[in-house]
> 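Take a look at this one; I'll ask things after.
What you see is a predicted model, and the numbers here were worked out from it, not measured in a lab. Below, each value reflects all heavy atoms present in this structure, side chains not excepted, and no hydrogens, waters or symmetry copies.
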Amino acid sequence: MSTKAHQTILTERGMQIAERRIPTMAAKAGHEAYWTTLRDTGAVTVKMANGQVVERMLDGSVTVIKNMAIGKRVKPGTILRRVK
């Protein structure tokens with residue numbers, strides 16, 4: 001006996017609505033991965049915050065590793081290439 005997989009056909013409007021949700025879903029997934037890393041490994045994460053490289057522990061404590069010069073703002077979608 002074969003079963004037919006249920007397929008949903010989206011209209012163009014339906015696809016546009018779904019695509020608008022992608023940035024929000026990606027941001028949520030990134031935050032969840034960040035907190036899962038802290039919770040599951042008990043390790044620290046290193047990230048940039050307010051022009052500083054900081055180490056964040058699971059308990060919320062933050063240690064500044066290095067102060068960085070604030071760089072240029074880059075427009076979303078800009079393609080960066082290494083200069084040799």
Side-chain angles (χ1 to χ4, degrees):
M1 229 169 26
S2 70
T3 59
K4 196 173 193 180
H6 178 70
Q7 293 182 359
T8 303
I9 299 173
L10 289 177
T11 63
E12 182 65 26
R13 184 171 183 276
M15 284 189 279
Q16 289 173 347
I17 290 169
E19 287 172 351
R20 274 189 234 126
R21 294 183 11 215
I22 292 172
T24 303
M25 292 169 57
K28 184 178 177 184
H31 289 292
E32 287 176 8
Y34 174 79
W35 289 108
T36 299
T37 299
L38 284 175
R39 185 185 66 244
D40 292 353
T41 65
V44 298
T45 59
V46 177
K47 66 178 200 166
M48 288 290 297
N50 300 320
Q52 299 174 321
V53 178
V54 298
E55 179 181 72
R56 183 170 184 147
M57 302 291 288
L58 180 58
D59 64 4
S61 61
V62 175
T63 305
V64 176
I65 297 173
K66 184 176 184 178
N67 289 313
M68 302 295 289
I70 296 179
K72 292 188 222 175
R73 289 204 170 257
V74 179
K75 270 201 299 189
T78 302
I79 298 173
L80 302 175
R81 290 185 172 74
R82 290 187 186 267
V83 178
K84 291 185 180 187

> Considering only Ile, Leu, Val, Met, Phe, Trp and Tyr, and joining two whenever side-chain heavy atoms are under 4.5 Å apart, list the other residues clustered with Val62.
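Via sub-4.5 Å side-chain contacts, Val62 links to Val54, Val64.
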> Run the side-chain donor-acceptor check on residues 9-34: report pairs under 3.5 Å with partners two or more places apart or on a different chain.
residue	atom	partner	partner atom	Å
Thr11	OG1	Gly14	N	3.0
Tyr34	OH	Thr45	OG1	3.3

> List the residues meeting side chain to side chain donor-acceptor pair (under 3.5 Å) with Gln52, not counting sequence neighbours, and say none if there are none.
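With neighbours one apart ignored, the set is Asn67.
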> In the hydrophobic cluster built from side-chain contacts under 4.5 Å, what are the other members alongside Val83?
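Its cluster partners, ordered by chain and number, are none at all.
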